[in-house]
2 protein chains.
Amino acid sequence: MPVMPEQPTDRAALRRANLAWVIRVLREQGGLSRAQLAVLSGLSKATVSTLVAELTTRRLVRSGGVAAGGQGRPGQIVELDTDGARGIGLEVHLDHLAATSVDTAGNVVADRQVPFDVLSAGVERTIDKLAEVAGKELGDVVGAYPAGITVSVPGLVDTGRGVVRLAPRLRWREVPLADGLAGRLGFPLDRISVDNDANLAATAEFEAGGMRGTADLVYVTGDFGIGAGVIAGGRLVRGSIGYAGEVGHMSMDPMGPQCSCGRRGCWETQVGLAALFHALAAPGDPVSDPHRSIEERMSLIRTRAEQGDQRTLGALHQIGAALGVGVSIVVNLLSPAVVVLGGYFAALPDWLIEPARIEVAARAVVAEAAAVRVVGSELGFTAARTGGALAALSRVFEDPTQVPERSEKTEAPA
Amino acid sequence: MPVMPEQPTDRAALRRANLAWVIRVLREQGGLSRAQLAVLSGLSKATVSTLVAELTTRRLVRSGGVAAGGQGRPGQIVELDTDGARGIGLEVHLDHLAATSVDTAGNVVADRQVPFDVLSAGVERTIDKLAEVAGKELGDVVGAYPAGITVSVPGLVDTGRGVVRLAPRLRWREVPLADGLAGRLGFPLDRISVDNDANLAATAEFEAGGMRGTADLVYVTGDFGIGAGVIAGGRLVRGSIGYAGEVGHMSMDPMGPQCSCGRRGCWETQVGLAALFHALAAPGDPVSDPHRSIEERMSLIRTRAEQGDQRTLGALHQIGAALGVGVSIVVNLLSPAVVVLGGYFAALPDWLIEPARIEVAARAVVAEAAAVRVVGSELGFTAARTGGALAALSRVFEDPTQVPERSEKTEAPA
DNA sequence: GACCGTTCCATCACGGGCTGAACAAAGGGT
DNA sequence: ACCCTTTGTTCAGCCCGTGATGGAACGGTC
């Protein structure tokens, strides 16, 4: 039985939609006067005034001075009240836990990361520690409304129930993460969600950063595993069971090297971190030393590339080209405006991304499709948790009425 | 500047949304009483009654007898009035033009196909003939409201302007098809649209047929070229410039055969019709004879396969497996619930689809993803124009108020 | 067959939200 | 100073969904 795509609308929903519209347009266009909002929306000035008044009592917008220039009475600017609400993103990673808060303008206002060995701690103690980190982050949200918490996990997630179905790198299976956090934090379960790291990184690029508002965008994670987050038509593509974006095992070469999954020539064997280390370092080379941090090893590689080391440059070029071949498949299938390369790809942009661009351009079906932009992520390794924070905040933009009203008395009289 | 995703809502939009909801739910669930509609929608019975009354004056719903069983007063069934509106789908194909009309229940009520050589006729005379065919189809729409016309074209389309950007097989480039038809037919331009054949075939499978309502669905065309139509989350994925679905030139094997695009190992070289004919027939074999129709040649192949011809069976198995490898890439990226194989794939289902299924299942990242169903299209070669008709009709489901009101006097008194 | 309970549907006064016009407010131009 | 322009608020009005009420239709029961 197909699920009904949209709910029928009553008056409250009408109001919610219009409040949400005002928030969205202010977020995208910055401060505007009521009159400008009325023109943009097609609603009457009276309606806009009441909408702004209601949003003000919920501390989602505030007065932002007067508009300069022009003749006639200057408009009073309405802008986002960035102190009104916060979204919180948490991140579970193999070797650390992290938390990030964003305000309604999309600015990161707090970020903390603690080293943590998830494998040796096990599931329960990891959730304990994650709740502790989240609790501190919630403590930093002083006057603002904590809209929600979204946890980024490198694995397959049942977003409906907040359960991590399978995260091989964490050795997690069927972990009820949202429940665990809700219980430990005393935070409402329906405002806690869990999602895949690639999906959230794509969300971050879409909602904030340089690619903001790009409705068709693909984010590719670069780690030992390769994953993708797909945004099409301004919506995250999850697939029928929420497992979209599993591009690491695309078959790229039937004669290629053996993959951990048992098959040959998966994309991961060509462009994964293991492939990078294998291609540019002999055994014993510090670059291959698993005890060093990824950042440190990236820094070593960067130094060698800058010094013109031939083996390093050759390996990077080869991996960049293979990256481009895989990206071209995604591009031809989905025709995004931008492909954002994250993880280690973004750490070595000068040597990986240009070869990838060339390959993508050469494999575009038509010239226009070659106009796709292939860029490194500006958010770097914080993309996933930033995306989580933005995703948590987005519920406010969809339904501003869930934010509690405050006493209107916030300004001192003259 | 990002386009504002949704418009602000005024009261008329509220009404439209609720009218549209009633139509949609009746289309998916069949006839329902007002009371059932009220429970399903959460709206009051009073509101449902007024909605039904308004839809009745527009001849989109009608009374459908009384509900049997149960105690209390039996409900009066409200059902779609299938005579109220029609969607018209046109199809431009290399060797024929065709038209199809569907009623609001999704039934095909008229279908005509005329042989036509698009290449020798040229653009203008093709549009002339297409308008003639469309005019006859419009003539069959006697009392019903013709909601719109959508033309299926095997090529890249600017759906916003109704222009065929590039259709190599038709040798068309920058053809303003919607304008041409509107002028010749005297039909309102804003109700004529043009779309890619794979997109429309995917729409047809999504809106009608056995896969109806499957929100995540991929349709793969099987012809000389290979294309895909992608539906994700119940929405057609067009990509940033409308060129999504160009899967024919996915790089499957760096050492594979030369492709017409200049590269090696494109998927098309493995599973396109040319690959099929090459694999299972020597030169001079009637199966390779380009003067015979595709249907005739498929029939020959089917006969040989049924007789157990080893070369035929081997070739089909090999192509089916290559089909599965490509499909697995799409499945891992998008995680659809169903992949529908159309074109010639659907004409040889017993020999192509089973090997494809095996390959897809073997390449699924996790067991649940292997649950994807790989099926042949039931709509066969009419999928694209049926999808066009359904797409044209869908504007009525989105905004029922565009259908003109009629005099309420339709039933004879007792 | 009369009565009752149940369910369905239409009607109507009510209320919430948007609208359009009128009006006060705040600036620039002459 | 005066006028013009533009902004934002106020208010009566309208539209649409709501909840209550009551008639209608049917099964069950005595």
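Every value quoted in this text rests on a predicted model; they were computed, and no experiment measured them. Quick note on labels: first sequence line is chain A, next is B, and so on, each numbered from 1. Keep in mind that the numbers below use all heavy atoms, side chains included, and drop hydrogens, waters and symmetry copies.
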From CZ of A/R16 across to P of C/dG16 the rounded distance in Å is 16 Å

Would you sort out whether B/S63 and B/Q76 count as a side chain to side chain donor-acceptor pair (under 3.5 Å), showing the intermediate values?
CA-CA 7 Å; B/S63 179; B/Q76 297 173 36; 4.8 Å; no

Backbone N/O of B/V109 and side chain of B/N107: donor-acceptor pair under 3.5 Å: no

(message) If you compare every side-chain N and O of A/R15 against the phosphate oxygens of C/dC18 (OP1, OP2), does one of them come in below 4.0 Å?
(response) yes

Quiz prompt | No-H, no-angle donor-acceptor pair, A/R73 side chain to D/dT6 base, under 3.5 Å | solution = no

Any donor and acceptor pair, going by atom type alone, linking the side chain of A/R58 with main-chain N or O of A/T401 inside 3.5 Å? yes

A/D10 CG to C/dG17 P, in whole Å, measures 10 Å

From NZ of B/K45 across to P of D/dG23 the rounded distance in Å is 15 Å

DNA chain D nearest-nucleotide lookup for A/R34 and B/L14: closer to the 5′ end is A/R34

Assert: residue with more 5' nearest nucleotide on DNA chain D, out of A/S49 and B/S44, is A/S49

Atom CG of B/L43 and atom C1' of D/dG19 are separated, to the nearest Å, by 13 Å

Between B/D190 and B/R395 (salt bridge meaning N to carboxylate O under 4.0 Å), is one present in this structure?
no

Assert: residue with more 5' nearest nucleotide on DNA chain C, out of A/A46 and A/V66, is A/A46

On DNA chain C, more 5' by nearest nucleotide between A/T50 and B/Q76 is B/Q76

Rounded to whole Å, the CG-C1' distance (B/L37 to C/dC8) equals 13 Å

Between CH2 of A/W21 and P of C/dG17 the distance, given in whole Å, is 19 Å

From CG of A/L32 across to C1' of D/dG8 the rounded distance in Å is 15 Å

From CG of B/L19 across to C1' of D/dC16 the rounded distance in Å is 11 Å

For B/D83, is there any backbone N or O sitting under 3.5 Å from a side-chain donor or acceptor partner on B/R59? yes

Closest of D/dG8, C/dC8, C/dG27 to the A/P74 side chain is C/dG27

With a cut-off of less than 4.0 Å, is there a side-chain N or O of A/N18 near OP1 or OP2 of C/dG17? no

